[in-house]
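These values consider heavy atoms only, across backbone and side chains, with no hydrogens, waters or symmetry-generated copies.
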Amino acid sequence: MAAAAAELRLLGEKMSPYCIRVEHAMAVKGVTGYEYVEEDLENKSELLLASNPVHAKVPVLIHNSKPLCESLIIVQYVDEVWAGAGPSLLPSDPYERSRARFWAAYIDDKFFRSYEPFFMSRTKEEMVEKFKNVIPQVETLEEGLKECSKGKPFFGGDRIGFVDVALGGYLRFFKALDEVAGTDLFDAARFPRLAAWAERYEAVDAIRRASPAVADVVEFYKKMQAAGPPH
């Protein structure tokens with residue numbers, strides 16, 4: 001049963017992996033009926049600037065007039081506030097919960113940081129050159145999935161959990177950039193667990209409905225490449 005979501009607003013940008021991450025979490029939890037506000041990050045709204053004066057970034061979740069910033073913090077908030085609305089994203093055991101937070105932080109702080117030079121490349125040749133620097137982090141993440149899942153389908157075990165959502169928000173970007181560069185980030189021959197996980201994750205109806213089309217991400221990325229580095 002869908003959770004009531006009165007007085008709930010999400011400020012986002014449809015191509016942002018961090019905003020997609022929050023929408024995935026809300027979809028898995030069954031939180032519906034919220035107002036989604038698309039932000040123009042070249043011309044930020046007064047609401048965004050007032051809601052996140054420190055970073056002036058999306059996503060921002062406004063619940064009962066109170067803003068929350070940073071995607072992983074928002075995901076944890078959603079999991080706690082709508083505890084009875086859907087499956088818990090974070091484990092109940094304190095150790096397992098801490099370990100999930102560790103891997104979510106690894107995804108943002110190590111894995112995606114190594115991916116950024118590839119993402120920011122302006123030519124296909126440069127992308128191919130930068131891609132090799134990502135592989136050691138993918139290897140670590142493959143082992144992280146083995147450790148967390150204990151042989152089950154997701155990082156969260158039998159169902160989507162906190163780490164799944166943390167990584168899942170990036171998936172459409174990974175696919176889009178693979179298409180542009182001719183790479184294969186989660187190569188099934190080299191990273192069978194991650195490749196199978198990605199297929200299972202995106203096959204979930206709630207996730208599929210809350211994700212942009214890969215073709216749209218490709219178009220967005222090519223425009224970003226053509227525009228050059230931000231001024």
_Polar side-chain atom of Q137 near backbone of S114 as donor-acceptor pair, under 3.5 Å_ = no
*With a 4.5 Å limit on heavy-atom distance, are the side chains of V31 and V81 in contact?*
no
*For the side chain of R172 and the backbone of P212, is there at least one donor-acceptor N/O pair under 3.5 Å apart?*
yes
*When S71 is tested against each of K57, R21, Q76 for side chain to side chain donor-acceptor pair (under 3.5 Å), which residue passes?*
R21
_Quick check: closest heavy atoms across G182 and K124, and the distance to 0.1 Å?_
N-CE, 4.4 Å
*Is the side chain of R208 donor-acceptor paired with the backbone N or O of A203 at a distance under 3.5 Å, no angle test?*
yes
*Which pair of heavy atoms, one from A195 and one from A188, lies closest together, and at what distance?*
CB-CA, 3.6 Å
_Show the nearest heavy-atom pair for residues Y36 and G12, with the distance to one decimal._
OH-C, 3.3 Å
*Do I62 and L47 touch side chain to side chain, with heavy atoms closer than 4.5 Å?*
yes
*Any donor-acceptor pair under 3.5 Å linking the side chain of E13 with the backbone of E38?*
no
*What class does the angle between the rings of W197 and F155 fall in, given that below 30° is parallel, 30 to 60° is tilted and above 60° is perpendicular?*
perpendicular
_Parallel, tilted or perpendicular, as decided by the 30° and 60° cut-offs, for the rings of F186 and F174_ = perpendicular
*asked:* Taking K66's backbone N and O only, do any of them form a donor-acceptor pair with N64's side chain (distance below 3.5 Å, no angle check)?
replied: no
*Hey, does the side chain of S16 reach the backbone of Y18 with a donor-acceptor pair shorter than 3.5 angstrom?*
yes
_Joint cluster assignment, Y170 & F162, ILVMFWY side-chain distance < 4.5 Å_ = yes
*Are L177 and I20 linked, directly or through other ILVMFWY residues, by side chains that come within less than 4.5 angstrom of each other?*
no
*Which atom names give the shortest non-hydrogen contact between V165 and I160, and what distance separates them?*
CG2-CG2, 3.8 Å
*Taking the six-membered ring for Trp, is the centroid-to-centroid distance between F119 and Y221 below 6.0 Å?*
yes
*Of all the heavy-atom pairs spanning Q225 and R122, show the shortest one and how long it is.*
CA-NH1, 3.2 Å
*Could you check if a side-chain atom of S211 sits within less than 4.5 angstrom of a side-chain atom of H24, using non-hydrogen atoms only?*
yes
*Report yes if the side chains of R190 and I135 come closer than 4.5 Å at any heavy-atom pair, otherwise no.*
yes
_Tell me whether D164 contacts the main-chain N or O of F154 through its side chain, where contact means a donor paired with an acceptor under 3.5 Å._
no
_Same apolar cluster: L89 and I73, side chain cutoff 4.5 Å_ = no
*asked:* One thing to verify: whether E219 and K223 come together as a salt bridge, which I'm taking to mean a side-chain N less than 4.0 angstrom from a carboxylate O.
replied: yes
*So do R9 and L61 actually touch side chain to side chain, heavy atoms under 4.5 Å?*
no
_Exam field: side chain K29 to backbone P87, donor-acceptor pair closer than 3.5 Å_ = yes
_Ring centers of Y34, H63 separated by less than 6.0 Å_ = no
*Does some side-chain heavy atom of L185 sit less than 4.5 Å from a side-chain heavy atom of F131?*
yes
*Just by distance, with hydrogens left out, do D178 and T183 show a side-chain donor and acceptor under 3.5 Å apart?*
yes
*Would you say the side-chain atoms of R193 pair up with the backbone N or O of K146, donor to acceptor, closer than 3.5 Å?*
no
*Quick one: CG on L167 to CG on L141, what's the gap to the nearest 0.5 Å?*
5.5 Å
*Answer with yes or no whether the side chains of E39 and S45 bring together a donor and an acceptor at under 3.5 Å.*
yes
*Under 3.5 Å, is there a donor-acceptor pair linking the side chains of E199 and Y201?*
no
